[in-house]
Amino acid sequence: MLTNIYFMVRQPFHLVEFSPWPLLISFSILSLPVGMIFLIRNLNSALLIFGLITTMIISYLWWRDVVRESTYQGFHNFFVTKGLKIGVVLFILSEVCFFFAFFWAYFHSSLAPSVEIGAHWPPTGIYTLQAFQVPLLNTSVLLLSGVSITWSHHSIEEGDYMSAIKGLFLTVVLGLYFLFLQYGEYSETMFSIADGIYGSCFFMATGFHGLHVAVGATFLFVCFLRLFFYHFNKNHHVGFLAAAWYWHFVDVVWLFLYVSIYWWGS
């Protein structure tokens, strides 16, 4: 017994409980790109729909278990919360590398445009979006959401429950409004993802950012429900902290997208 305690002190790690969800969701997420390929090549959406449904179900069950073990069972001690924070930081770092690839492709094509696209940027025949219209509004919306999530975070740390709920609800609404504006923007573009390198870079970078906004808004909505049911307090709100870090990352990525693609690139 003493040996086990000594080992835990010298080698702090956490293995809260065995879970089948990481393995299962890896297969369900794998079916998403494969299903997309089947949809594009064979017009068969069965695998894609199956992947979406199973991913949502497993995400719900996994999230349920994490909430249960942290809030009701009290398994998230200091070492567990430290490991979770490190995991979130590493995840955000992987997302930085993910978007870095899109920026690399964009600047590689724009700084030295080839003769095939007219030897200038934007390519010949591409009519870009006006940077100081809807894109600027989108930027203002995300910046305001960054302010509201910070307001909510400080309210939780100060024990101001109602202010935390208001700030978090405002953040979720602003995230959904951003997605609504981006959908309208896509409907008005005069080019598509098939229009050469510009269309590919534009829709891949901004589209994946929109997907991250949707994931972040879902994350924040779950935190809103947990905050509503008193799952968070000033000393225990790691789930909210992870969502806030992720949302700030989404805000920063959009600033780089706006400056490079919408303003400089147009």
Side-chain angles (χ1 to χ4, degrees), residues 32-45 48 52 92 95-148 171-218 246-266:
L32 295 178
V34 178
M36 181 64 71
I37 294 174
F38 273 94
L39 177 62
I40 294 174
R41 296 182 64 88
N42 302 326
L43 299 179
N44 187 351
S45 61
L48 180 61
L52 289 172
I92 293 177
E95 293 288 279
V96 170
C97 298
F98 176 77
F99 278 99
F100 180 80
F102 294 129
F103 284 108
W104 184 284
Y106 183 80
F107 284 109
H108 174 78
S109 303
S110 60
L111 293 177
S114 62
V115 294
E116 288 80 7
I117 60 174
H120 64 86
W121 193 263
T124 303
I126 294 294
Y127 297 94
T128 60
L129 297 170
Q130 296 297 321
F132 297 103
Q133 295 182 0
V134 176
L136 182 60
L137 177 59
N138 271 337
T139 304
S140 302
V141 168
L142 274 190
L143 290 177
L144 183 58
S145 71
V147 174
S148 61
T171 307
V172 174
V173 171
L174 290 173
L176 296 177
Y177 184 50
F178 174 88
L179 293 175
F180 173 76
L181 290 175
Q182 190 173 45
Y183 173 77
E185 179 186 77
Y186 281 0
S187 302
E188 296 177 357
T189 54
M190 301 180 67
F191 55 91
S192 69
I193 194 172
D195 287 326
I197 183 62
Y198 185 89
S200 298
C201 289
F202 176 86
F203 283 103
M204 288 293 290
T206 60
F208 269 109
H209 178 268
L211 178 62
H212 282 70
V213 172
V215 172
T218 305
Y246 184 82
W247 194 255
H248 286 307
F249 160 75
V250 170
D251 289 347
V252 172
V253 170
W254 176 257
L255 290 178
F256 281 99
L257 287 173
Y258 176 76
V259 172
S260 60
I261 295 181
Y262 288 98
W263 181 60
W264 178 82
S266 62

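From a predicted model like this one, the values you see are computed outputs, not experimental measurements.
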Hey, can you pull the donor-acceptor pairs under 3.5 Å for the side chains in residues 37-44, sequence neighbours left out?
residue: N44; atom: OD1; partner: A46; partner atom: N; Å: 3.1

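In this structure, L176 CG and T171 OG1 are separated by 11.0 Å, a value rounded to the nearest 0.5 Å. Note: W254 CH2 to F249 CZ = 14.0 Å, rounded to the nearest 0.5 Å. Interatomic distance, L257 CG to N138 CG, rounded to the nearest 0.5 Å: 11.0 Å. Atom CD1 of I197 sits about 7.5 Å away from atom CD1 of I117, to the nearest 0.5 Å. Between T139 atom OG1 and D251 atom CG the span is 10.0 Å, to the nearest 0.5 Å. Rounding to the nearest 0.5 Å places CG of L143 at 10.5 Å from OH of Y258.
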Item to check | side-chain contact (heavy atoms from CB on, under 4.5 Å) evaluation trace for W247 with L142 | outcome: CA-CA 9 Å; W247 194 255; L142 274 190; 4.1 Å; yes
Item to check | Working for side-chain contact (heavy atoms from CB on, under 4.5 Å), residues Y183 and L179 | outcome: CA-CA 6 Å; Y183 173 77; L179 293 175; over 6 Å; no
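Open room surrounds CH2 on W263; 12 or fewer heavy atoms of other groups in view lie less than 6.0 Å from it. Heavy atoms of other residues, nucleotides or ligands lying less than 6.0 angstrom from CZ of F203 number more than 12.
Not one N or O on the side chain of Y198 forms a donor-acceptor pair closer than 3.5 Å with the backbone of T128. Between the side chain of Q182 and the backbone N or O of T206 there is at least one donor-acceptor pair closer than 3.5 Å. For the pair H108 (side chain) and S110 (backbone), a donor-acceptor distance under 3.5 Å is absent.
Considering only residues two or more places apart in sequence or on other chains, E116 meets the side chain to side chain donor-acceptor pair (under 3.5 Å) condition with S114. For Y106, the ring-ring contact (aromatic ring centres under 6.0 Å, His included) test picks out W121, with sequence neighbours left out. Under the side chain to side chain donor-acceptor pair (under 3.5 Å) criterion, E95 pairs with H212, sequence neighbours left out. Partners of Y262 according to the side chain to side chain donor-acceptor pair (under 3.5 Å) rule, which considers only residues two or more places apart in sequence or in another chain, are E185. Residues satisfying the ring-ring contact (aromatic ring centres under 6.0 Å, His included) criterion with F180, sequence neighbours excluded, are absent altogether.
If you look at F191 and F202, their ring centroids are closer than 6.0 Å. For H209 and F178, the distance between ring centers is under 6.0 angstrom.
None of V172, L174, V213 except one satisfies the side-chain contact (heavy atoms from CB on, under 4.5 Å) rule with S145; the exception is L174.
Ring orientation note: the planes of F98 and F102 are nearly perpendicular, at an angle over 60° on the 30°/60° scale.
Listed here is the closest heavy atom pair of H248 and G146: CE1-O, 3.6 Å. A pairwise comparison of heavy atoms in G265 and P122 identifies O-CG, 3.3 Å as the closest pair.
Considering only heavy atoms from C-beta on, V134 stays 4.5 Å or farther from L129 through its side chain.
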